[in-house]
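To start, the structure itself, in structure tokens.
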Amino acid sequence: MHEVTHFCLPHLKGILTNTTSFLHEAFEFFEELLSSRYPYSCYKQVFVDETYVESAPYATMTILESDVWLPKGISAYLSNQYYKKAFGNNEYRYWLYKDLQEVIGYEQTYGGLVLDCSAYTSSSMSSNQNRENSFYFPTMHLHTTSPKYNKILQKKAHLVVRMLEDRLGRELLLQVFNKLLSLAASAAQQKVTCNVWYNMLLSTNSFERAIFTVTGKDIKTFLEHWVRQGGHAKFHGSFTFNRKRNTVELEIRQTEIQSRGIRRYVGPLTVTIQELDGTFKHNLQIEENTTRHDITCHSKSRRNKKKKIPLCTGEEVDMDLSSMDADSPVLWIRIDPDFQLLRQVVFEQPDYQWQYQLRYERDVTAQMEAITSLERYPVPSTRLALTDTIENEQCFYRIRCLAAMCLQKVANAMVTTWTGPPAMMMIFKKMFSSHSSPNIIRQNNFSNFQRYFIQKTIPVAMAGLRTVHGIIPSEVLRFLLDLFKYNDNSKNKFCDNYYRAALIDALAETVTPAVSVIDASGQPVSADSLSSNTKKILEEITRCLNLEKLLPCYKYTVTVSCLKAIRRLQKMGHLPSHSLIFREYAAYGQFIDVRMAALEALVDFIKVLGKQEDLNFLLDMAEGDPVPFIKLYIFRLLTENPPFKKGDQNSLNTEELVETLWKLMNSGSSHDSQLRCAIVDLYYVLYGRTRPTSLPIPELAVVLNLKEKKARLNSSVSPEDDVIKMETTEGLVGSVVSEEILCKNTSSPEDSLQTHVATGGEKRKATSPLLLIEDQPEIESLNGSMKAEPVNLTEDILKVKVKEEEVIPESSSIVTSTSSVAVVVTSVNTIVPVSSVQADLINSTGSLDSASAAHSTATPFHSADMFSDDSQSKSLPGLTGPTGLQPTGFDSSMFCKTSPEPRSLSESVEVKNETSESSKLHKDRKKKKKKNKHKHKHKHKHEKSEKDRLDKERFNSSGGSTNQSPATFSGGSPHL
């Protein structure tokens, strides 16, 4: 090993020595494990304050390949090998189980996580599409993924590399790693020959080739199944014992393969059965969604015969078999005990088998599964099994702590039938009380670490006990207060700050709303209104917090617990809800752990009370705090405990909040991809993928697909589950063009511009009214998309005559523009604006349908057939808006030649209205076309009168065209 140097501030030298004393052992372990020396001449560690992450490793140069799962997974696998050596196999498997549960929970929430995104096969394309639809961020690049996604990616990569260890063997896998290191070291020496530098890049394909070269095994199928596809398997298992055949009829079902993150598994599966004569392993083949297997037992049932039972470790133990089935030799069954798959197992077996598994199974993961299952069986036998586990000195300490927490839930479920002292009180006194006076605790002695963790956990578990009335038992509260009174750490060589912090957590856990005193006069909560028990709790917490200011402990752990306890007292109504104390502790200059605790309380404070000033305080801190980690931590807290969620009506859901987050995402955090992605996470939790409801509805909010006769709300600018009323007929461009155009608010309802489609075939003057068309179909939106009900389209429906605003190349489209409203109708999509009046109605009612109804009742529908001679139009009478400005961009179809009198704004756009005579005339024309067999796919415009011919010549002479916009009139406002 080469030179290793550590750097820190001078006053931290003592802590540095203890912290880094093991490092040389870790270097020696990795060099021996990989059969390769450390590739650099020196290694330096620098301990700095206010870092962004807990550790940031660097080398002379780091090359990142797209297959990031390999460096993350291999490094995690190697570090866990040393973790297992330093802390033991039980600790290693405990964290392995925790990582697996975390990966499963994430995938079932957000979807399957694909490790290798660089290449997809045809078989995995559908899975990839589902994955892209489930995640709200691009997963191809690290700088665009969520911080939580990156964390789960590393955990899953480690689990997959460990699965490779089970298939290849530990020695062969280490040889593969050694091969990769040798190739990289050789390529690094050839600085001139760059064609061999590909050996320095770690990719899935090169890793597959290296495995085949070293072991001769092809892992292509494994990579396709677990690396290039996301998700995990989920098994539901149950069994029955056939006494006549002496077999176990095991049924394994995969019933949730359509759920998010879960997919069907086909392949081998390991099942172990603990029988009276030992543990037997069986390899089953899973081919269908439901498989049944008959497994022959190797043991015979025993009746009142005592004999030692051999376990999987080779150990033989005595068991009390009185509670088991006399005809069955099966003690318990486990599915995939060695985590050879990424899976979740839900297994059903009797409670006594779970109790046997907890008592006698030596694998900690099996004991954790048993404890989780025993929560569903609050019976005296479960109470006894958990109590024995807590008292068992040979049991792993984490299992004993979990058993204490489980016993709390079982005791609360058995509160009506519980006999004797409160749960775990006698266990604690037996282990830690004075022999002469059981109510007095002995002096602290933390030399036995297992007993130390039990001493910390039992008081917290006891604090969760409740009576029939839902309050803490009085003897438990007195017991916890005595622990503070008799705590003596004078002769202990270890600090007791974590133990005292656990006692404060226990006191906070005892607080319930049932014991709070409500002031009937409505006055603020005062010390006189508190109950006696609450006063004792508050006095103890205040004493510890003040003592911490005089004699601060290591990392201010007691202060952190006191802040959490104060927040709980506020939530339960015992203290006034004021956030000032948390703001002071969250300010820059406090220790970072204290700041984190205060920020957590502030986030919870905002969630409960919803005060705008507290949220602004957090956002200001997230923008300007000098510590980068605090910025990231604030957004993580808000994401985990948001003030509101998508679709909630909340006073904090404001346009200012949207603008702040949007600014931070796009410009405020451009230098920090991790912070930006954390803000994206918060934005998604608050608003989802749709437009925030606090923003006003934009003008262009509805998109009509004229070709497919469909309409939808633009999902990026509109909330979900809106209802919009629209009317569909066939007309312009041969598609659906008749719609209820929602316009901007004007000075009066009569000034509102309404564009509608009439069903008449004759021109009519602007002064004639337009009949209101009723019985129009509704288009309802589900998740931001809408589809119109089908309508019978006939040739009786005539076209709309609208003016054209601007040239639209390469598309047969028509632009309608009046005042400040613009509607574009094309042969593919039509975008319908929403007026500000209806935007206000939408915000108040939450429905565009109701807004349309309100608007239609206030302003009757009108239509005008408009013609114009641009050469004679010098002013715009009757078309001034509420501000007196004249609109611009009008063309030849604006005014009717036969209607020289001024018109109001509501009559500025008119359409043809069908009458009974015109309908009859139109039917006669259809009959003539049939007789003459005159078939056309388009309609002809026949000029049958001299008047029509003159109108057309005047139109052409004025320079009007359907593809050009006329010159802007003077005095007009710019067109929007």
Side-chain angles (χ1 to χ4, degrees), residues 1-8 16-47 51 53-65 67-96 98-99 115 150-151 153-189 199-204 206-207 210-211 213-215 339:
M1 178 59 202
H2 299 288
E3 178 183 358
V4 179
T5 310
H6 309 282
F7 299 89
C8 73
L16 174 71
T17 304
N18 294 327
T19 303
T20 60
S21 60
F22 74 99
L23 194 59
H24 68 283
E25 298 179 1
F27 270 102
E28 294 175 358
F29 173 81
F30 290 125
E31 289 182 344
E32 181 180 356
L33 183 69
L34 299 173
S35 301
S36 177
R37 293 185 60 83
Y38 183 67
Y40 302 103
S41 59
C42 63
Y43 175 79
K44 298 181 177 63
Q45 277 188 343
V46 183
F47 293 87
T51 56
V53 292
E54 291 184 358
S55 62
Y58 298 94
T60 303
M61 182 176 66
T62 302
I63 301 178
L64 296 179
E65 178 67 2
D67 302 344
V68 70
W69 75 275
L70 277 171
K72 285 183 175 292
I74 293 175
S75 61
Y77 171 80
L78 294 176
S79 62
N80 276 273
Q81 294 301 307
Y82 179 76
Y83 190 84
K84 179 167 62 174
K85 175 182 178 296
F87 299 100
N89 186 65
N90 286 340
E91 188 76 14
Y92 168 72
R93 289 187 64 84
Y94 173 83
W95 284 110
L96 197 68
K98 287 292 186 181
D99 288 349
L115 295 179
N150 295 334
K151 178 182 177 182
L153 175 66
Q154 181 171 359
K155 293 180 181 294
K156 185 173 182 178
H158 167 235
L159 293 172
V160 171
V161 173
R162 187 187 169 279
M163 291 167 60
L164 269 178
E165 178 191 23
D166 292 333
R167 285 159 174 78
L168 302 178
R170 185 171 183 268
E171 297 299 329
L172 289 179
L173 184 61
L174 293 176
Q175 291 180 20
V176 172
F177 295 158
N178 180 266
K179 178 71 174 179
L180 294 173
L181 289 174
S182 301
L183 291 175
S186 177
Q189 300 299 327
N199 289 321
M200 299 179 64
L201 299 177
L202 188 59
S203 64
T204 305
S206 64
F207 186 62
I211 290 178
T213 302
V214 175
T215 65
F339 303 118

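Note that these values count all heavy atoms, side chains included, but never hydrogens, waters or copies made by symmetry.
A heavy-atom distance below 4.5 Å is not found between the side chains of Y94 and F87. Taking the side chain as every heavy atom from C-beta outward, H6 and T19 never approach each other to under 4.5 Å. Using a 4.5 Å heavy-atom threshold, the side chains of L172 and R167 count as separate. Side-chain atoms of L164 and V176, non-hydrogen and from C-beta on, never get closer than 4.5 Å to each other. Residues V4 and Y38 form no side-chain contact, since every pair of their non-hydrogen atoms from C-beta on lies 4.5 Å or further apart. Under the 4.5 Å side-chain criterion, counting only non-hydrogen atoms from C-beta, Y82 is in contact with E25. With a 4.5 Å cut-off on side-chain heavy atoms, L96 and L159 count as touching. Annotation: side chain of W69 is in contact with side chain of T204 (closest heavy-atom distance under 4.5 Å).
Scanning all heavy atoms of the two residues, the minimum distance from I211 to T215 falls at O-OG1, 2.5 Å. Considering all non-hydrogen atoms of both residues, R162 and F339 come closest at NH1-O, 3.3 Å. Annotation for S35 and N178: closest pair O-ND2, 3.2 Å, computed over non-hydrogen atoms. Counting all heavy atoms, side chain and backbone alike, V161 lies closest to L173 at O-CD2, 4.0 Å. A pairwise comparison of heavy atoms in A157 and G73 identifies CB-CA, 3.6 Å as the closest pair.
In this structure K155 satisfies the side-chain hydrogen bond (donor to acceptor under 3.5 Å, both in side chains) test together with D99, sequence neighbours excluded. Applying the side-chain contact (heavy atoms from CB on, under 4.5 Å) rule to T5 yields the partners E3, F7, K44; only residues at least two apart in sequence or on another chain are considered.
Going from atom OG of S75 over to atom CG of L70 covers 10.0 Å, rounded to the nearest 0.5 Å. Interatomic distance, Y77 OH to M163 CE, rounded to the nearest 0.5 Å: 14.0 Å. R170 contributes atom CZ, which lies 12.0 Å from atom CD of Q175 (distance to the nearest 0.5 angstrom). The line from OG of S186 to CG of L181 is 12.5 Å long, rounded to the nearest 0.5 Å. To the nearest 0.5 angstrom, L78 atom CG is 9.0 Å from H158 atom NE2. Note that the CG atom of L16 and the SG atom of C8 stand 4.0 Å from one another [nearest 0.5 Å].
Relative ring orientation between F27 and Y43 is described as perpendicular, the plane-to-plane angle rising above 60° on a 0-90° scale split at 30° and 60°.
For S203 (side chain) and S206 (main-chain N/O), a donor-acceptor pair under 3.5 Å exists by modelled atom type.
For K84, the NZ atom sits in a packed shell: over 12 heavy atoms of surrounding residues, nucleotides or ligands are nearer than 6.0 Å.
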